[in-house]
Amino acid sequence: MQDFLQFFTNVFSGFSITDAIDIIIVTLVVYYLLKLVLETRAEQIIKGILVLVAATVVSDVLELHTLNWMCKGALALGAVAVLIVLQPELRRALEFMGRGRVISALGQGDKENSKRIVSAITNSIDKFSNERTGALIVFERQTMLEDYAENGTILNARITEQLLGNLFYEGAPLHDGAVIINGPNIYAAGCVLPLSSNQNISKDLGTRHRAGLGITENSDALVIIVSEETGIISMAEDGRLERFLDVKTVEKKLLDIYLNNQRSGGGFSKIKSAGKLFGDMHQRDDVYSGSKRKEDEDA
């Protein structure tokens, strides 16, 4: 017993507050790395790497020189392969760290305007669900979705229940694509999104759900999905899909995003530099104005 107490006395005699901070930071890093591994495709890759490490150690102990050389070469290539295969996950992690603090970036406005926007969206979602109209609505946050918006049709229009209904109306030119919402505006419609590469997705889910999940694997966007076959409402965020939601749950989530953004002073202007912001706004206005002028001429 005396030796046991002496051992602990020797171990903790030089323990300081900086050592405690060091241990806490390392613990958090390891925790989040393990969480990333368990929630993504990295799990199977890590298992393969561990097998290679074990084979390398065993071949070294048994002096199997050729096998040891092959295992070491495979480990070197494996490190590069992990970076390539897990590129979306690593990108999300770096973006999360680069944001510094977690705030929504869905545009500014007063409380009543935020409630009006959320009401228009949730009323539309409720209608889509009841009528089994397929819908894919993407809410741009801190990660810009300009590349995906450009492959659709730029609208930059005020959010209304009627406009959302027209966009997703079956037979409408843009109904098959995604709508990208930027703050108080529908920025683009008919957008093509990247499909999720997650192999664990239910086979019952179609392209719309895979696209909604895919964009959240490559950005911090929030996505609302309405199934055309069943009318089921789903929500995708951070590479995860939550199904069988009711309208109240969606409304609560959107109100939390819009109102928290208002209180935190967040906004689209915080994402871009001032010069790029005004340039993009001017470009969007020009596109919208040009389309409007063309419609007037055709009329």
Side-chain angles (χ1 to χ4, degrees), residues 104-109 113-128 131 133-194 207-208 211-212 214-216 218-226 228 235-236 250 254 257-258 261 266-272 276-299:
S104 300
L106 287 174
Q108 302 177 42
N113 190 45
S114 296
K115 288 183 176 180
R116 180 199 64 78
I117 293 170
V118 172
S119 178
I121 296 170
T122 52
N123 287 343
S124 298
I125 291 171
D126 188 31
K127 186 176 180 180
F128 296 153
E131 297 179 354
T133 299
L136 180 57
I137 305 175
V138 182
F139 296 86
E140 183 183 74
R141 296 162 97 172
Q142 296 235 6
T143 303
M144 293 176 59
L145 305 177
E146 195 78 26
D147 292 342
Y148 305 110
E150 286 177 353
N151 65 43
T153 300
I154 303 297
L155 299 178
N156 201 29
R158 182 171 174 264
I159 296 174
T160 64
E161 187 177 342
Q162 292 78 10
L163 179 55
L164 285 170
N166 285 335
L167 290 174
F168 288 112
Y169 178 75
E170 187 175 359
L174 304 177
H175 84 282
D176 274 336
V179 161
I180 295 179
I181 288 182
N182 174 270
N185 295 326
I186 296 175
Y187 177 30
C191 303
V192 179
L193 305 180
T207 305
R208 184 176 283 110
I215 191 66
T216 67
N218 293 279
S219 72
D220 64 343
L222 174 74
V223 181
I224 306 296
I225 309 158
V226 180
E228 186 174 358
M235 182 185 299
V250 175
L254 294 181
I257 291 175
Y258 274 88
N261 175 72
F268 192 52
S269 58
K270 287 202 168 194
I271 306 174
K272 304 177 181 179
K276 180 169 177 54
L277 170 61
F278 290 121
D280 286 350
M281 289 176 63
H282 180 66
Q283 182 181 9
R284 294 181 185 184
D285 287 342
D286 284 345
V287 172
Y288 179 69
S289 299
S291 300
K292 183 65 177 173
R293 283 196 300 271
K294 190 176 186 304
E295 290 176 3
D296 292 340
E297 291 172 0
D298 292 341

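Note that the coordinates shown come from a computational prediction; the quantities given were computed from them, not determined experimentally.
Pro184 places none of its side-chain heavy atoms less than 4.5 Å from the side chain of Ile159. Between Met235 and Leu222 there is a side-chain heavy-atom pair separated by less than 4.5 Å.
To the nearest 0.5 angstrom, Phe128 atom CZ is 10.5 Å from Asn123 atom CG. Atom OH of Tyr148 sits about 4.5 Å away from atom CD1 of Ile215, to the nearest 0.5 Å. We find the CD1-CD1 distance between Ile137 and Ile121 to be 6.5 Å, quoted to the nearest 0.5 Å. Residue Phe168 holds its CZ atom at 6.5 Å from CG of Leu136, rounded to the nearest 0.5 Å. Interatomic distance, Leu155 CG to Asn182 CG, rounded to the nearest 0.5 Å: 12.5 Å. Taken to the nearest 0.5 Å, the CD1 atom of Ile181 stands 11.5 Å off from the CG atom of Leu145.
Here the shortest heavy-atom pairing between Ala236 and Thr216 reads O-CG2, 3.5 Å. Closest of all the heavy-atom pairs between Tyr169 and His175 is O-CB, 3.3 Å. The two atoms that bring Gly183 and Tyr258 nearest to each other are O-OH, 2.8 Å, heavy atoms only. Across all their heavy atoms, Ala189 and Val179 have their closest contact at CB-CG2, 3.9 Å. Between Asn218 and Pro194 the shortest heavy-atom distance is ND2-CG, 3.9 Å. Taking each heavy atom of Ala120 and Ser124 in turn, the nearest pair found is O-OG, 2.8 Å.
The closest donor-acceptor contact from the side chain of Thr122 to the backbone of Val118 lies under 3.5 Å. With hydrogens and angles ignored, the 3.5 Å screen pairs no side-chain donor or acceptor of Asn185 with any backbone N or O of Asn156.
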Exercise. Could you check Lys127 against Leu164 for side-chain contact (heavy atoms from CB on, under 4.5 Å), going step by step and ending with a plain yes or no?
Key: CA-CA 11 Å; Lys127 186 176 180 180; Leu164 285 170; over 6 Å; no
Exercise. Take Ile224 and Phe139, measure what side-chain contact (heavy atoms from CB on, under 4.5 Å) needs, and give me the verdict at the end.
Key: CA-CA 8 Å; Ile224 306 296; Phe139 296 86; 3.6 Å; yes
